[in-house]
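Since the structure is predicted, the reported quantities are computational estimates derived from the model, not experimental observations. Note on naming: letters A, B, ... go to the chains in the order of the sequence lines (proteins, then strands), and numbering restarts at 1 for each one.
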Amino acid sequence: MKLKRSFYARPCLEVARDLIGKHLIHRRGDRLLGGRIVEVEAYVHEEDQACHARFGPTPRALTLYGEPGHAYVFLIYGMYDCFNVVTEPKGSPAAVLIRALEPQEDVAKLGKTDGPGKLCRTLGISRTHNGLDLTADLIWIESRRDKSPKVVTTPRIGVDYAGRWARKPWRFLDPNSPYVSRRK
DNA sequence: ATCCAGATGGTC
DNA sequence: ACCATCTGGATA
């Protein structure tokens, strides 16, 4: 069942935890590419010194200030895209980065999905999808009748520059999944 | 197994 | 001058 706008409109940390075990789907032509979400990170408000909204509503960060349930996709290190879902009501900049998927069906044949850059590459998600409404029919997240996964938290990856914000336990993952990205 | 340099370009 | 990454090569 496709997640509705009300799911995304809640506090970012709640949405992040609840996204573990959901399924991200991208309709590519006549195929559905996707997988089970096993790792995410929350980026929460302007005061979070790791969040792209820390400089206010700059051109890049504008999507974060928009309606919940839309995609925020940005370029990192000049060669990879990262896919996020915008959370919380309009005007409250917060988003959840999707970091790893357990690939579904034959998606694994297309590439790896154990990292934010890799999963975008494999699913065919790019900056052209920035601002896309995730309650529509191109890219969406759905819940299935799975047993609810165990969820643990750790600090976020690659944000050591953010001082005390780097130590917030805002990375959520399913510790039983072999598809979480490595690193500590 | 860990360490690390290099690729590559948008953003502030 | 960074940077929410990844790969491949060197080392052990």
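Straight-line distance from the CG atom of A/Leu119 to the C1' atom of C/dC6: 13 Å, rounded to whole Å. Across the protein-nucleic acid pair, A/Tyr80 atom OH and C/dT7 atom C1' stand 6 Å apart, rounded to whole Å. Whole-Å rounding puts the A/Arg60 CZ to B/dG9 P distance at 17 Å. C/dC2 atom P lies 16 Å from atom CD of A/Gln49, rounded to whole Å. Atom CD1 in A/Ile157 sits roughly 14 Å away from atom C1' in C/dC6 (whole-Å rounding). Between A/Met79 atom CE and B/dT11 atom P there is a gap of 16 Å when expressed in whole angstrom units. The distance between atom CG of A/Asp160 and atom P of C/dC2, rounded to the nearest whole Å, is 15 Å. Atom C1' of nucleotide C/dT5 and atom CZ of A/Phe83 are separated by 18 Å, given to the nearest angstrom.
As judged by a 4.0 angstrom heavy-atom cut-off over every strand, A/Leu75 is placed among residues touching the sugar-phosphate backbone only. At a threshold of 4.0 angstrom between heavy atoms, the contacts of A/Gly78 include nucleobase atoms, whether or not backbone atoms are also involved. Using a 4.0 Å heavy-atom criterion, one finds that A/Tyr77 contacts the bases of the nucleic acid, with or without backbone contacts as well. Residue contacts shown for A/Arg127 are limited to sugar-phosphate atoms, with no base heavy atom under 4.0 Å away.
When the shell of 6.0 Å around CZ of A/Arg54 is examined, it contains more than 12 heavy atoms from other residues, nucleotides or ligands. Other residues, nucleotides and ligands contribute over 12 non-hydrogen atoms within 6.0 Å of the CD atom of A/Glu142.
With respect to the salt-bridge test (charged N to carboxylate O, under 4.0 angstrom), the residues A/Lys118 and A/Asp114 qualify.
The side chain of A/Tyr161 contributes an N or O atom lying less than 4.0 Å from OP1 or OP2 of C/dA4. For B/dT11, neither phosphate oxygen OP1 nor OP2 lies less than 4.0 angstrom from any side-chain nitrogen or oxygen of A/His52. Regarding contacts with the backbone of C/dA4, every side-chain N or O of A/Arg171 stays at 4.0 angstrom or more from both OP1 and OP2.
Across all strands shown, B/dG9 forms a Watson-Crick or G-U wobble pair, both distances under 3.5 Å, with C/dC3.
Once the 5.5 Å centre distance and the 30° plane angle are applied, the aromatic ring of A/Tyr43 is found stacked with the base of C/dA4.
Taking the six-membered ring where tryptophan is involved, the planes of A/His26 and A/His129 are perpendicular, since the angle between them exceeds 60° and thus also 30°.
Pairing each heavy atom of A/Ile98 with each of A/Leu101, the nearest pair is CG2-CD2, 4.0 Å.
For A/Lys118, taking side-chain heavy atoms from C-beta onward, the closest of the listed nucleotides B/dC12, C/dA4, C/dC6 is C/dC6.
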